[in-house]
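Step one of this worksheet: look at the structure below.
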Amino acid sequence: KQEVTQIPAALSVPEGENLVLNCSFTDSAIYNLQWFRQDPGKGLTSLLLIQSSQREQTSGRLNASLDKSSGRSTLYIAASQPGDSATYLCAVPLGAGSYQLTFGKGTKLSVIP
Amino acid sequence: EAGVAQSPRYKIIEKRQSVAFWCNPISGHATLYWYQQILGQGPKLLIQFQNNGVVDDSQLPKDRFSAERLKGVDSTLKIQPAKLEDSAVYLCASSPGGGSGNGYTFGSGTRLTVV
């Protein structure tokens with residue numbers, strides 16, 4: 001059974017700081033990993049999707065890396081802004097050929113002006 | 001492109017009452033999912049549809065939860081009777097249903113409070 005863990009559960013940083021969010025998963029036989037953002041009272045917005053053949057993906061100030069062998073992914077946010085404040089969740093498919101996602105509990109990020 | 005539409009946004013009911021949620025996926029998306037997100041947790045899959053057929057409902061509490069997808073488009077999720085532990089956000093998502101997992105889109109969710 002796939003389990004996803006995210007550390008830390010909450011993080012508070014001053015504006016402008018670079019930060020790293022961590023995600024680990026127990027079954028390394030994944031074919032992709034996604035990072036989502038969730039704002040209070042809202043649904044989930046997909047930020048980055050990394051295929052199993054890729055090592056990293058970048059979008060603007062966001063960079064996500066994937067190390068399948070160690071069961072880890074990191075989301076790097078450069079030059080954080082108050083608008084980055086949200087909960088960040090990582091998710092992996094339930095199993096081979098599945099489109100069902102197993103989520104971590106998320107990291108709640110607060111960027112202080 | 002219109003997103004995944006869900007209604008209502010909020011619902012408060014008493015325990016043992018019934019409630020229904022509605023979802024309209026992105027046009028052309030074959031796969032539709034219902035997830036339950038309890039406060040402080042990640043979303044957990046309840047049921048997955050492919051067109052109008054059920055792919056997986058192994059985590060759906062079938063004694064009280066039911067779901068259908070009419071004509072392979074809209075979907076409704078019903079709870080009857082509701083329990084206090086059903087308080088959560090119910091998220092609907094859709095995807096094209098093929099390929100690498102791209103195109104997974106969530107709705108804004110329905111926040112259910114059972115008192």
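Here is the naming used below: chain letters follow the sequence lines, and residue numbers restart at 1 for every chain.
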With a 3.5 Å distance limit and no angle check, can you tell me whether A/Ser80 reaches the backbone of A/Glu17 through a side-chain donor-acceptor pair?
yes
Which atom pair, heavy atoms only, marks the closest approach of B/Gln6 to B/Gly109?
OE1-N, 3.0 Å
Please classify the contact between A/Gln6 and chain B as side chain, backbone, both or neither, with a heavy-atom cut-off of under 4.5 Å.
neither
If I measure from the heavy atoms of chain B, does A/Leu89 come under 4.5 Å with its side chain, its backbone, both, or neither?
side chain
What one should report as the nearest heavy-atom pair of B/Thr31 and B/Gln48 is CG2-NE2, 3.5 Å
Could you tell me which portion of B/Gln41 (side chain, backbone, both or neither) has an atom closer than 4.5 angstrom to a non-hydrogen atom of chain A?
both
Tell me yes or no: between the side chains of B/Thr76 and B/Asp74, is some donor less than 3.5 Å from an acceptor?
no
